[in-house]
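Down below is the structure, laid out as C-alpha cells.
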Amino acid sequence: MRNLQTIGLIVSDVAAAATFFREVVGLPQEISNPNFAQFRSQGLTIMLSRNAEVPTGKAAGIILHILVDNVALALSEAESKGASVLQEI
C-alpha cells in the first residue's frame, strides 16, 4: 500500500499561497507564520514554505512524502521505473 501523506510546496509568497488554500480551496489552516503555513484535509497535509531543506540540499518545487508498507520493495519498483536514489540513509 502507498499513501500520499504530505505535499510540500516551495512558494515565493507564503501569505498569498496560504490565502489561496484557505479562502479559495477552503482548507483549514493549522500553522501560519511568514515563512511557513500548513493545512490538513482528510489525512493529507499541505505545507507551504519559502525554503525547504532535504537531505541532499535545498529543494525546489514540490516535495512528496509517501507512506509505504515495504520500503525496499517500493524503492526497487521506483528504480525499475527510472527513479534514482539521491542519497542513501
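Sequence positions, counted from 1, serve as the residue numbers for this chain.
- Taking every heavy atom of both residues into account, Leu48 and Ala18 meet most closely at CD1-N, 3.6 Å.
- Here the straight-line distance linking atom CD1 of Ile7 with atom OG1 of Thr45 works out to 9.5 Å at 0.5 Å rounding.
- Listed by chain and residue number, Asp13 satisfy the side-chain contact (heavy atoms from CB on, under 4.5 Å) test with Ala15 (two or more places apart in sequence, or in another chain).
- Ser76 contributes no side-chain N or O that, together with a main-chain N or O of Leu73, makes up a donor-acceptor pair within less than 3.5 Å.
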Under 3.5 Å, sequence neighbours excluded: what are the donor-acceptor pairs made by side chains of residues 20-30?
{"residue": "Arg22", "atom": "NH1", "partner": "Gln29", "partner atom": "OE1", "Å": "2.5"}
{"residue": "Arg22", "atom": "NH2", "partner": "Thr19", "partner atom": "OG1", "Å": "3.3"}
{"residue": "Gln29", "atom": "NE2", "partner": "Ile31", "partner atom": "O", "Å": "3.2"}
{"residue": "Gln29", "atom": "NE2", "partner": "Ser32", "partner atom": "OG", "Å": "3.3"}
{"residue": "Glu30", "atom": "OE1", "partner": "Gln38", "partner atom": "NE2", "Å": "2.9"}
{"residue": "Glu30", "atom": "OE1", "partner": "Arg40", "partner atom": "NE", "Å": "3.4"}
{"residue": "Glu30", "atom": "OE1", "partner": "Arg40", "partner atom": "NH2", "Å": "3.2"}
{"residue": "Glu30", "atom": "OE2", "partner": "Arg40", "partner atom": "NE", "Å": "3.0"}

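- Put simply, the side chain of Ser49 does not reach to within 4.5 Å of the side chain of Val11, judged on heavy atoms.
- In this structure, the separation between CZ on Arg50 and CG on Leu9 is 15.5 Å, given to the nearest 0.5 Å.
- Taking every heavy atom of both residues into account, Leu44 and Thr6 meet most closely at CD1-N, 4.0 Å.
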